[in-house]
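Keep in mind that this is a model prediction, so the values were computed, not measured. To find a chain, count down the sequence lines: A is the first, B the second, and so on, and within it residues start at 1.
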Amino acid sequence: MRKELDKVYDPKQVEDRTYQFWLDGDYFHAEVDPKKEPYTIVIPPPNITGQLHMGHALDETLQDILIRWRRMQGRAALWLPGTDHASIATEAKIVEAMRAEGLTKEGIGREKFLERAWEWKRQYGGRIVSQLKKLGSSCDWERERFTMDEGCNRAVKEVFVNLYEKGLIYRGERSINWCPHCKTSISEAEVNYDEKDGFFWHINYPIVGEEGRMLEIATTRPETMLGDTAVAVHPDDERYKDLVGKKVLLPLVNKEIPIIADSYVEMDFGTGVVKITPAHDPNDFEVGLRHDLPVINIMNEDATINENGGKYAGMTREECRKAVVADLEAGGYLKKVEPYKHNVGGCYRCGTIIEPRVSKQWFVKMEPLAKPANEAVRAGKTKFVPERFDKIYFNWMENVKDWCISRQLWWGHRIPAWYCEDCGKITVSKQEVTECAHCHSTHVHQDPDTLDTWFSSALWPFSTLGWPDQTEELKYFYPTNTLVTGYDIIFFWVARMIFSGVEHMGEVPFDTVLIHGLVRDAQGRKMSKSLGNGIDPLEIIDHYGADALRFTLATGNSPGNDMRFSDEKVNASRNFANKIWNASRFILMNLSDEVTCAQLPEELALEDKWVVSKYNTLVRDVTENLEKFELGMAVQKLYDFIWDILCDWYIELCKSRFQAGGESSLNAQKVLAYVMHHPLRLLHPFMPFITEEIWQALPHEGESIMVSQWPVYDAALDFAAEEAQFEKIMAAIRAVRNRRAEMNVPPSKKAKLYIVTQEPAVFTLGEPFFKRLAFASEVIVAEDLQLEGAVQVITDAARILIPMDELVDKQKELERLSKESSVRER
RNA sequence: GGGAGUAUAGCUCAGCUGGUUAGAGUGCCUGCAUCACACGCAGGAAGUCGCGGGUUCGAGUCCCUCUAUUCCCACCA
């Protein structure tokens, strides 16, 4: 079927229709097929609360390029899609929505809350998925998963019980990071530290029994003194040695607390004396454990001061600080205040300053899990691209602390642990527990907490393939091949998937982690909601088309590096799409009916061999680049071939042959169809929509470019000698054009050319090329010739003479014309 | 404090294991309505490859020092 193509490519006419065509053809679906080699990518599941942003667009584009390429190579290519329940983010959304109705979580209760959450998921959870489709993502939608679906829930329980039984999950009272806004614990990885301007308050604590003698402590958080249970000095500090064992009177609280010695204290920092607040500082908590100090929690869940704060109860942390400082000053305890910059931890979700909090939480013991994972990575079973990111991985995994996995949230996988009200022991089970495993009491209740979202994400590469069942899919597609993600997510997700895979599957979850950078705005700033500088990929798709967006994101992007996104770049990409479109139009307009498929003719002219040989090299290069994950280089080469080789040279050369007609024209048509048809396949992973649309219009066999074969390098098409010969002619043509431009001769003013050459290719084949591309009215080729008064252009292959009189006349005429027009302008 | 990245044309970036005269896009300048495309064509100007050393027949590329800049980790209250 041959279509009339519009002059300008309009993605809107093509994209949705084409995507539907693919869906209808079931091309994205991958089956277990022992005859094929599998290639698997699991998608980094976007949050159900999310909207497609540029980071997603980049991530999905890279994955789609890889999966489409492998599919065309004949692999059983599975791109497994899905979404993440995003516990904190989703719960926050529901709570917010309820607040508008005057409702609270506690008010409606757990069950009703979860009903609402699932309803919300049903309504909005699909939004991000439909946005992925707009990009052209060729995911196997039949296998779409959700981190909280039944299968994932089974996997989570299996893992939890398994690790608990191995002693790798435990419950303990620890100082954890608490977000007073989200009202839940968060893990170490979920705290972002930012340098903030603050103060260093020096406070005098009077020493008991030594009238007038003070111990000067320095702190950045004076309000926490309400929970002080000791002050500490270094055991070797001569200044304070005599005081260890004595007591100080805690100002404002008027309570005696001991002076202890602990090597945690740095003698050279501050005054060398530290107030110890086990409840509100993780280091102090450790000191407290060593010295058996009481823990006095002075704050509520929302970080307001509780009854332990005495008269300060009810104040916020900030109000309390002001009040405490004022009271210290009034009491004469405040020695001095100095400005101080220090790092303050904030919640990665909401940015609220976290509060250390001592509470009972569930933890994953990391060391025994990290070790075999690290060995596997060190052995090269999983490779990072670019390599340097393994350093980041190792740095984290080798220093990793136990992972706090319990969250005081309702939306998520509930912890499969039950407490006995009679014997107080814990029963952990995959099934609903109705009686205590230890004393058989039926007075049991389940832990109200849920698991960190990342606990279920960590299992994604195998939970999505059916684990814990040993499904055919799991056997065939696991381990997966490539994981594509940003460097910002290595700790949260990549590391945890690796140790989970090694632990539960006995094999790393993927062989390659392709790391990309951040997409920044045109000024190089991070795109953020607060700056309002985010660029909406859907708007870009709407204006320029998905192919232009994908091309932009794939170009000029080397692995691991950040990139800037600008309208200029998308514009250039859109222009490229249009260029391809018009080249196809030209070809379709000139293809006679007898050219039915893209096959080379028997006889190849010099320029045919040149372009075919160039194409052949392109196949090899693009494939090699893809194998090495150099997607940006691959797409650049395609661009160069299509625009420069194909459009600017080969199509131009064909024009004269088409006019001449006959055998030469027919052969040119065949070659042209060939060098358009095949590179389209190479380009398809990058620009799927336009390539499919043109491919459909070209005379071909097969129903979709998606299932056409990825081209392979063919040694028989390597015409290196002819390439070199033809390039000599090209150089000569360029030289003539160059000289004409210098002399301001417009293309419409044609001149006679005398070409003097010993070069056989130029001698026998050059004439039509010069006529068309060097704007010659007539071409005379000679082995030797002298011409008086001619402009001479000398190149490697030929000496070209342009009769002076013709050009001089033209030049004069031009000068006259330009004078006239400048007069007219005035 | 520890680690990593980046520095190449006005701007945004390529440049893989060292090898012709350092490339592209965009912007700029000149010319062009030539029958695929002005979202175009032809031509042009534009670079001390951050600085200084070193290795080499040969360095944008490898090594060292320094400078600027970005990021990650840790954290001393």
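- A gap of 14 Å separates the P atoms of B:U8 and B:U61, to the nearest Å.
- Close to B:G40, at under 4.0 Å from its OP1 or OP2, lies no side-chain N or O of A:W581.
- Applying side chain to side chain donor-acceptor pair (under 3.5 Å) to A:S573 and the options A:N578, A:T552, A:D547 leaves one that passes, A:T552.
- A close approach under 4.0 Å does not occur between any side-chain nitrogen or oxygen of A:K391 and OP1 or OP2 of B:C72.
- Applying the ring pair (Phe, Tyr, Trp, His ring centres under 6.0 Å) test between A:W396 and each of A:F389, A:Y487, A:F491 identifies A:F491 as the sole match.
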Checklist entry - Please walk me through it: do A:K336 and A:E216 pass salt bridge (charged side-chain N to carboxylate O under 4.0 Å, His left out)? => result CA-CA 10 Å; A:K336 64 174 173 181; A:E216 183 183 335; 5.1 Å; no
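- Within the 4.0 angstrom heavy-atom criterion, base atoms lie near A:A218.
- Atom C1' of B:A77 sits at a distance of 39 Å from the matching atom of B:A7, rounded to the whole Å.
- Nucleotides B:C28 and B:G10, compared at atom C1', are 8 Å apart to the nearest Å.
- Note on A:Y340: only backbone sugar-phosphate atoms sit closer than 4.0 angstrom, heavy atoms only; bases stay farther off.
- With C1' as the reference atom, B:C49 and B:A22 are 8 Å apart, rounded to whole Å.
- Across all strands, A:T271 comes closer than 4.0 Å to no nucleic acid atom at all (heavy-atom distances).
- Between B:G44 and A:N738, a contact under 4.0 Å exists linking OP1 or OP2 to a side-chain N or O.
- Distance noted for atom C1' between B:C66 and B:G58: 26 Å (whole Å).
- Using C1' as the reference atom, B:A4 and B:A45 are 39 Å apart when rounded to the nearest Å.
- The residue A:M563 sits apart from the nucleic acid: no heavy atom pair falls under 4.0 Å.
- The separation of B:U26 from B:C41, taken at their P atoms, amounts to 9 Å, rounded to a whole angstrom.
- Here A:Y9 does not reach the OP1 or OP2 of B:A36: none of its side-chain N or O atoms lies under 4.0 Å away.
- Nucleic acid contact class of A:N561 (heavy atoms, under 4.0 Å, all strands): sugar-phosphate only.
- Classified by interplanar angle (parallel below 30°, tilted 30° to 60°, perpendicular above 60°), the ring pair A:Y9/A:W581 is tilted.
- B:C72 and B:C62 have their P atoms separated by 26 Å, given to the nearest Å.
- Nucleotide B:U55 has no partner under the Watson-Crick or G-U criteria, as no pair reaches both atom distances under 3.5 Å.
- Residue contacts shown for A:F491 are limited to sugar-phosphate atoms, with no base heavy atom under 4.0 Å away.
- A sub-4.0 Å separation between OP1 or OP2 of B:G40 and a side-chain N or O of A:N575 is present.
- Taking 4.0 Å as the cut-off between side-chain N and carboxylate O, A:E223 and A:R317 do not count as a salt-bridged pair.
- Residue-level contact check: A:E568 touches the backbone only, with heavy atoms under 4.0 Å from sugar-phosphate atoms and none from bases.
- Nucleotide B:G40 has B:C32 as its partner under the Watson-Crick or G-U criteria, with both atom distances under 3.5 Å.
- Within the structure, every side-chain polar atom (N or O) of A:R388 is placed at least 4.0 Å from both OP1 and OP2 of B:A4.
- If you check every strand for non-hydrogen atoms under 4.0 Å, A:R737 touches sugar and phosphate atoms only.
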